[in-house]
Amino acid sequence: MSAQVEEDRVKQWESEQERLKRLLLEEDTDDWQRSPDFSGLERVGGVDLSFIKGDDMNACAQLVVLSYPDLKKVLYGDSQMVTLTAPYVAGFLAFRETPFLLQALQRLQESQPELTPQVVFVDGNGLFHYREFGLACHLGVLSGLPCVGVAKNLLQVQGVHKNEEHQSRIAALHKGGDSFPLTAASGKVLGKALRSCDKSSKPVYVSVGHKISLDTAVRLTQACCLFRVPEPIRQAAADQDDEQRVEDLKKNLFVYRIFFNHI
DNA sequence: GCGACAG
DNA sequence: ATCTTGTCGC
């Protein structure tokens with residue numbers, strides 16, 4: 001594909017982001033979001049695409065809805081192999097992934113609308129983005145659902161750098177829930193670096209996707225973290241066979257012990 | 001040439 | 001995104 005065609009496509013993507021950005025809501029829109037303990041919140045969703053080694057075309061799109069606040073019951077799960085058409089271009093991740101995440105949400109709407117999540121965690125940035133319209137915003141606006149963006153790596157945009165200053169602020173995050181703002185050159189706070197649990201010193205980067213405020217997004221993210229990555233995303237990112245794999249390991253250990261006992 | 005580049 | 005092994009700690 002020619003450089004000119006790719007350039008034109010990026011231009012079109014930029015204007016599409018600009019168009020959708022006008023529909024973005026950066027504030028809390030639901031009652032449960034204002035509650036100190038999120039009372040009224042019962043279903044939290046997570047979406048993710050996972051790939052296998054040498055193949056960047058085929059992926060597994062997953063949507064998981066967990067019970068809140070326990071995060072223990074999988075109320076809904078959807079897993080679908082998909083073939084991606086758009087390439088990965090930094091700043092335009094949404095054009096590669098959103099169609100398949102939306103399809104998963106649509107399948108849920110058609111089959112079990114009562115299980116629709118009240119908020120969706122997205123792996124990737126929301127407002128913390130080159131043009132303040134990352135994947136979590138894109139999916140939020142197109143689905144109409146509140147979304148929270150959670151990135152595992154810092155995107156260096158709008159004057160935010162991972163320099164000495166940044167590293168020292170990370171070192172100052174001592175316990176789960178500690179955070180510091182990611183402030184753009186313009187002065188706008190685009191997101192927050194959050195130590196999501198006590199046991200992980202590496203923060204996650206939280207930003208507004210849609211229909212939620214940054215403070216609520218950060219507070220909710222911490223409430224949904226059993227480990228570094230929010231549980232809904234962690235489970236949407238997990239192989240379907242993971243549980244089976246754990247069972248196999250236990251079985252092998254059992255066989256192993258019997259073997260030695262008999263010798 | 002070097003560094004950046006969510007997933 | 002995914003890769004691969006060990007290694008450290010509870």
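Keep in mind the model is a prediction, meaning the values are calculated, not measured. Order of the sequence lines fixes the chain letters, A, B, ..., with proteins taken first and strands second; residue numbering starts at 1 for each chain.
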Which nucleotides of DNA chain C pair, in dot-bracket form (Watson-Crick or G-U under 3.5 Å, | meaning another strand): ..........
Bracket string, DNA chain B, 5' to 3' - pairs by Watson-Crick or G-U geometry under 3.5 Å, | interstrand: .......
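Transitive grouping of hydrophobic side chains (ILVMFWY, heavy atoms separated by less than 4.5 Å) brings A/Val47 and A/Leu20 into a common cluster.
The residues A/Arg107 and A/Glu110 are annotated as not salt-bridged, no charged nitrogen and carboxylate oxygen being separated by less than 4.0 angstrom. Between A/Asp8 and A/Lys11 there is no salt bridge, since no side-chain N of the basic residue sits under 4.0 Å from a carboxylate O of the acidic one. A salt bridge links A/Glu231 with A/Arg234: the distance from a Lys NZ or Arg NE/NH1/NH2 to an Asp or Glu carboxylate oxygen falls below 4.0 Å.
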Distances for protein N or O near nucleotides 4-7 of chain B N or O, under 3.5 Å:
unit_1, atom_1, unit_2, atom_2, d
B/dA4, O3', A/Gln156, NE2, 3.3
B/dC5, OP1, A/Gln156, N, 2.7
B/dA6, OP2, A/Tyr88, OH, 2.8
B/dA6, O4', A/Asn125, ND2, 3.3
B/dA6, N7, A/Gly91, N, 3.3
B/dA6, N6, A/Gly91, O, 3.1
B/dA6, N6, A/Phe92, N, 3.3
B/dA6, N6, A/Leu93, N, 3.3
B/dA6, N6, A/His129, NE2, 3.2
B/dA6, N1, A/Leu135, N, 3.1
B/dA6, N3, A/Asn125, N, 3.0
B/dG7, OP1, A/Lys152, N, 2.8
B/dG7, OP2, A/Asn153, OD1, 3.0
B/dG7, O3', A/Asp123, OD2, 2.3

Would you list the protein and nucleotides 6-10 of chain C atom pairs, both N or O, that sit under 3.5 Å from each other?
none

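The number of heavy atoms from other shown groups lying within 6.0 Å of CD (A/Gln109) is above 12. Surrounding CD of A/Gln167 are more than 12 heavy atoms belonging to other residues, nucleotides or ligands, all under 6.0 Å away. Dense packing is recorded around NZ of A/Lys188, with more than 12 heavy atoms of other residues, nucleotides or ligands lying under 6.0 Å away. Around atom CG of A/Asp55, more than 12 heavy atoms belonging to other residues, nucleotides or ligands sit under 6.0 Å away.
At distances below 3.5 Å, not a single donor-acceptor pair connects side-chain atoms of A/Arg9 with backbone N or O atoms of A/Ala86.
Between A/Phe133 and A/His138, the ring-plane angle classifies as tilted under the 30° and 60° cut-offs.
Side-chain atoms of A/Thr98 and A/Leu135, non-hydrogen and from C-beta on, do get closer than 4.5 Å to each other.
In this structure, the ring-ring contact (aromatic ring centres under 6.0 Å, His included) partners of A/Phe38, at least two apart in sequence or on a different chain, are A/Trp32.
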Check against side-chain contact (heavy atoms from CB on, under 4.5 Å), A/Glu6 and A/Val89: CA-CA 10 Å; A/Glu6 290 174 20; A/Val89 180; over 6 Å; no
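Going from the C1' atom of C/dT2 to that of B/dC5 covers 16 Å, rounded to whole Å.
Of the inter-residue distances, the one linking A/Glu27 atom CD with A/Lys211 atom NZ reads 11.0 Å to the nearest 0.5 angstrom. Between atom NE2 of residue A/His166 and atom CD1 of residue A/Ile170 there is a gap of 3.5 Å, rounded to the nearest 0.5 Å.
Within residues 211-235 of chain A, no residue has any heavy atom closer than 4.0 Å to DNA chain B.
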